[in-house]
Amino acid sequence: MSLRTIVLAALSGVLLAASFPSFDAHFLAWIAFVPLLFALQKKTIKEGFWLGGITGIVFFTGTVYWVTNSVHFYGGIPIVLASLVTLLLCAYLALYPALFGAAVVHLCNRHPAFYIIIVPALWTSLELARTYLLSGFPWSLLGYSQYKTLSVIQISDVVGVYGVSFLVVLVNTAIAGVFLSKKKYTGFFITLIVMAAVLGYGTQKLRAPERTEEMIASVVQGNIEQDKKWDPAYQADTIGVYKRLTLAANTQHPDLVIWPETATPFYFNGARQSDQRLTTDLVQFVKEHRIPLLFGSPTFEIKPSRMIVARNSAFFLSPEGAVTGTYHKIHLVPFGEYVPFKSMLFFVEKMVQAIGDFQSGDEFTVMEMPLQNSGNRSIKVSTVICYEIIFPNLVRQFVNQGANVVTTITNDAWFGRTAAPYQHFSMAVFRAVENRVPVARAANTGVSGFIDAHGHILNTSGIFRETFLTQKINVGAEKTFYTRYGDLFSYACLLFILLMLVLKPYSPSRVHGASQSKKP
């Protein structure tokens, strides 16, 4: 490797990081891989690995640096050690671009005729792997950089966010190919045709009318400081903030009011006397003001073996004060809500303060809620909690079960004033488009807001503000291809890459030589 190729690889990392919030220069993603692809020319597999790793470490350091904030300020870990934890995470994530660099060198040398497809299919396959391996961490998937480019991301209802990642890398590959292949423009013209088809599809989808059935929803942002959230001295103040904001929102007669993740500073329906008293108080508040309330709360259950099982849960209270829907978070945050591989990592403590080791739920709960302003009609609503919104396959399963409105409740106070709250919100745009359902998001400290089924961001709050938002939204209509079948496109990319690894390279010269040798 030379200094020039190292600089080119690092430049790709910088351009990728700048494509995401809070820089939000999404247009840079369309050329971000070009420097790396230039650097990979005529390199060994080992050199390709290191160059891809350089791109990855710069890219992920620029997008997940906020982990230091969470681990230091809320996990109580010294800043130097917290920074080391973040660096280790970035190093792990950089393994995927490193494998990308090595595989590009290997596969494109074996099958140069398929260069235009190999490069984007490879990146897409590695993003899919990152979503599932070691519990999964699909943060900063390339497609997310395009959350504001609505005409492009409409294809997500067929191919998901991974398909948008494929498209972005395809364009990069085509641009690089024009300069690297010397007058071989086939890949470039193929890419132009694909882009025209994508934009045509996106334009048609954006012009399509939404379903006429509407609902009014309010999201409440309490802006409760993380270090005061579970302090008994502030318990009454916390509940008072949510009640006050909810009463103000209720003057607009919403069909649904949404509080954030673990909004209640107590165990809803818990066995302790204080929990029972506060539960009764909340139910009475809902009944008195006839508020249809969806909220997050920690819960626990005492098993017959006397083992205590804690969960991160969401409840729907009808205007009559009855619990008509309960959801227990399925995909927990590793090292935040549980310690993975605990038998091997027995020496590892959780990196953030929490009530206890949470257990995951196993049911994709869909709650039926009557529309307060529309006679006897009802809608089907699901909620995903915090981290779950970044997993496309998980969210689609709620919609496949019948949900036509998706809500997400979260507490992003852990992120502080970093880019993370904005990055987290941007991912919800894709869940709306993939499944053609509106998304309502309630976050303790923001960003709260609403997204329609085409991905338009209808309304958002600032971060670290005490506020509420009310919005009229159109409920979802039909299940999309993506909702029904999931990541078929991504798995097809993976299958293609595996075939390229298995198949022997085609050598026209060798075939030609063999035929010549048979001549008399």
Go through the steps for D452 and N474 under the test side chain to side chain contact (heavy atoms under 4.5 Å, CB included), then give the verdict.
CA-CA 7 Å; D452 73 11; N474 297 86; over 6 Å; no
Other residues, nucleotides, ligands: >12 heavy atoms within 6.0 Å of [X] [atom1]:
X    : atom1 : value
K479 : NZ    : yes
Y132 : OH    : yes
Y65  : OH    : yes

Which atoms form the tightest heavy-atom contact between [X] and [Y], and what is the distance?
X    : Y    : result
A103 : L122 : CB-CD2, 3.3 Å
M367 : A314 : CE-O, 4.3 Å
A9   : L36  : CB-CD1, 4.1 Å
S12  : A32  : OG-O, 2.6 Å
Y115 : C108 : CD1-SG, 3.2 Å
C493 : A121 : CB-O, 3.8 Å

Kindly compute the distance separating [atom1] ([X]) from [atom2] ([Y]), expressed to the nearest 0.5 Å.
X    : Y    : atom1 : atom2 : answer
T149 : Q154 : OG1   : CD    : 11.0 Å
L99  : H106 : CG    : NE2   : 12.5 Å
N404 : I379 : CG    : CD1   : 6.5 Å
F27  : Q146 : CZ    : CD    : 10.5 Å
T203 : L199 : OG1   : CG    : 6.0 Å
Y422 : F415 : OH    : CZ    : 12.5 Å

For E127, give me all partners under salt bridge (Lys or Arg N to Asp or Glu O under 4.0 Å), at least two apart in sequence or on another chain.
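With neighbours one apart ignored, the set is empty.
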Partner set under salt bridge (Lys or Arg N to Asp or Glu O under 4.0 Å) for K46, not counting sequence neighbours:
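Expected list: none.
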Contact between [X] and [Y] at the side-chain level, heavy atoms closer than 4.5 Å - yes or no?
X    : Y    : value
L167 : V198 : yes
V433 : Y482 : no
H331 : Y387 : yes
H456 : I451 : no
I118 : V104 : no
L11  : L15  : yes
L93  : F137 : yes
S297 : F295 : yes

Show the numbers, then the answer: is there a salt bridge (Lys or Arg N to Asp or Glu O under 4.0 Å) between D412 and R441?
CA-CA 12 Å; D412 286 358; R441 187 177 196 265; 2.9 Å; yes
Ignoring hydrogens and angles, tell me if any N or O in the side chain of [X] forms a donor-acceptor pair with the backbone of [Y] under 3.5 Å.
X    : Y    : value
D255 : I216 : yes
R436 : T480 : no
N411 : E261 : no
S145 : A29  : no
N400 : R396 : no
T483 : Q397 : no
S313 : T299 : no
E388 : I330 : yes
S165 : G143 : yes
T191 : A174 : no

Please identify each residue that fulfils side-chain hydrogen bond (donor to acceptor under 3.5 Å, both in side chains) with [X], with sequence neighbours left out.
X    : result
T63  : S140
S378 : E368
Q471 : none

Taking the six-membered ring for Trp, are Y162 and F489 closer than 6.0 Å centroid to centroid?
no
I need the single residue from T124, V161, V194 that forms a side chain to side chain contact (heavy atoms under 4.5 Å, CB included) with F166. Which is it?
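The side chain to side chain contact (heavy atoms under 4.5 Å, CB included) with F166 is passed solely by T124 among T124, V161, V194.
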Of D487, T131, L128, which meets side chain to side chain contact (heavy atoms under 4.5 Å, CB included) against N393?
D487
[Y] and [X] aromatic ring geometry - parallel, tilted or perpendicular at 30°/60° bounds:
X    : Y    : result
F38  : F179 : tilted
W139 : H424 : tilted
F59  : W123 : tilted

Under the ring-ring contact (aromatic ring centres under 6.0 Å, His included) criterion, do F20 and Y144 qualify, and how do the steps go?
CA-CA 8 Å; F20 288 80; Y144 288 138; 7.7 Å; no
Listing request: all salt bridge (charged side-chain N to carboxylate O under 4.0 Å, His left out) pairs with a residue in residues 15-32, at least two apart in sequence or in separate chains.
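Applying salt bridge (charged side-chain N to carboxylate O under 4.0 Å, His left out) to every pair that reaches into residues 15-32, excluding sequence neighbours, yields D24-K148.
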